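Just so you know, ligand 1 is whichever comes first in the structure, and atom 1 is the first atom listed for that ligand. A quick note: this is a predicted structure, and the numbers were derived from the prediction, not measured.
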Amino acid sequence: MIDADYNTETLELESLFHLSYGMCVISSKHGKQINGCVVNTVFQIVPEPPMVAVSVNKEALTHEFIEKSGVFAASILSEDAPKTYLGRFGFRSGRDFDKFRETKYEPGRTGAPILLYETVSCIEAELMHSIDVHTHTLFIGKVVACRTIDETKEPMTYRYYRDVKHGRTPKSAATYIQKSKTGLKRSAKAMQKYRCIICDYIYDPAKGDPENNIEPGTSFDDLPDDWVCPDCGAGKDEFEPA
Ligand code: FE
């Protein structure tokens, strides 16, 4: 249990950025449905038989599928995975968006989908243990299949994602740290353009977002709170003045 008076403000949370991680899409299935989400918390915990663990947010559709099917797959992303790809799997919800549409993949031995695009290798596991950890569940699985998909590619580390790709972390991620509320500058000008920091999409108030019923002339501040980037699904918090 976490104490009611536990206060993270006294902690130097930036220290946690020095932990090393790799970027993966964790995926699972339920009947004919499939889903996946970006995580940076897949790690091997036992050598023989090989077992891996992954921390997944309880609200994620992938979490629900892993609990129901008892299987999961990790597709290890390469450094050249584009930001739109990371945004789609990291920021959009599989409840209202088919993340695998327009994505090259195939079912693995467990039936969980394996990404074949910008993926170095994949690991499939059968669920052995689930540990409740506050907002997340730590799933532990026995490896039942694994293979290299493209040995010419370099796996993407979390540091590379942040420093080179200038990637951000969704609030649902196991390693999310709340950014300072002073970090976002709001422009007073109604026609200020805003850039998605995940995929570089530009919101132009002069054009609006007609496909999502946003009329031309709508300022960024006047967009609904639940409006998301039409390219990658990032929320308004992930935009900055262009
Ligand atoms: Fe975007």
Side-chain angles (χ1 to χ4, degrees), residues 17 21-27 35-40 56-57 59-62 75 77-105 113 115 117-119 156-181 183-187 189-242:
F17 289 148
Y21 304 95
M23 300 293 285
C24 297
V25 166
I26 197 85
S27 59
N35 198 52
C37 58
V38 173
V39 298
N40 61 344
V56 181
N57 188 288
E59 293 182 4
L61 184 61
T62 305
S75 299
L77 298 174
S78 64
E79 287 183 345
D80 52 0
K83 290 176 83 173
T84 48
Y85 196 66
L86 291 159
R88 190 187 322 154
F89 279 96
F91 285 82
R92 298 205 73 151
S93 169
R95 297 182 199 283
D96 53 27
F97 179 76
D98 178 4
K99 300 186 190 186
F100 285 88
R101 192 185 65 192
E102 301 172 12
T103 299
K104 202 173 168 191
Y105 71 95
L115 293 174
Y117 174 66
E118 316 301 9
T119 302
M156 187 192 299
T157 63
Y158 184 57
R159 170 162 290 236
Y160 185 92
Y161 171 67
R162 287 190 66 90
D163 293 353
V164 180
K165 310 285 271 191
H166 304 296
R168 298 295 189 273
T169 307
K171 293 184 177 67
S172 58
T175 54
Y176 174 75
I177 293 176
Q178 188 173 19
K179 63 191 166 192
S180 164
K181 290 195 165 52
L184 272 183
K185 295 174 184 170
R186 298 265 179 198
S187 170
K189 289 190 284 185
M191 299 310 279
Q192 170 73 52
K193 295 177 184 176
Y194 278 74
R195 175 188 296 106
C196 173
I197 58 178
I198 308 300
C199 75
D200 293 332
Y201 167 86
I202 300 286
Y203 175 76
D204 182 351
K207 297 176 182 170
D209 179 14
E211 285 186 19
N212 293 297
N213 302 315
I214 303 296
E215 301 271 335
T218 304
S219 73
F220 184 82
D221 284 349
D222 287 339
L223 289 169
D225 289 343
D226 60 356
W227 179 83
V228 296
C229 172
D231 279 359
C232 79
K236 286 179 70 178
D237 283 356
E238 308 297 339
F239 279 73
E240 62 186 14

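- Tyr85 and Tyr117 have perpendicular rings, their planes meeting at more than 60° on a 0 to 90° scale where under 30° would count as parallel.
- Contact check for Thr218 versus Tyr203: side-chain heavy atoms found under the 4.5 Å cut-off.
- Taking the six-membered ring for Trp, Phe89 and Phe100 have ring centres closer than 6.0 Å.
- Here the side chains of Cys232 and Leu86 are not in contact, with every heavy-atom distance at 4.5 Å or above.
- Judged purely by atom type and a 3.5 angstrom limit, Lys104 has no side-chain atom pairing as donor or acceptor with the backbone of Glu118.
- Excluding waters, the set of protein N, O or S atoms lying under 2.8 Å from the Fe ion (ligand 1) comprises Cys196 SG, Cys199 SG, Cys229 SG, Cys232 SG.
- Between the side chains of Ser219 and Asp222, at least one donor-acceptor pair of N or O atoms lies under 3.5 Å.
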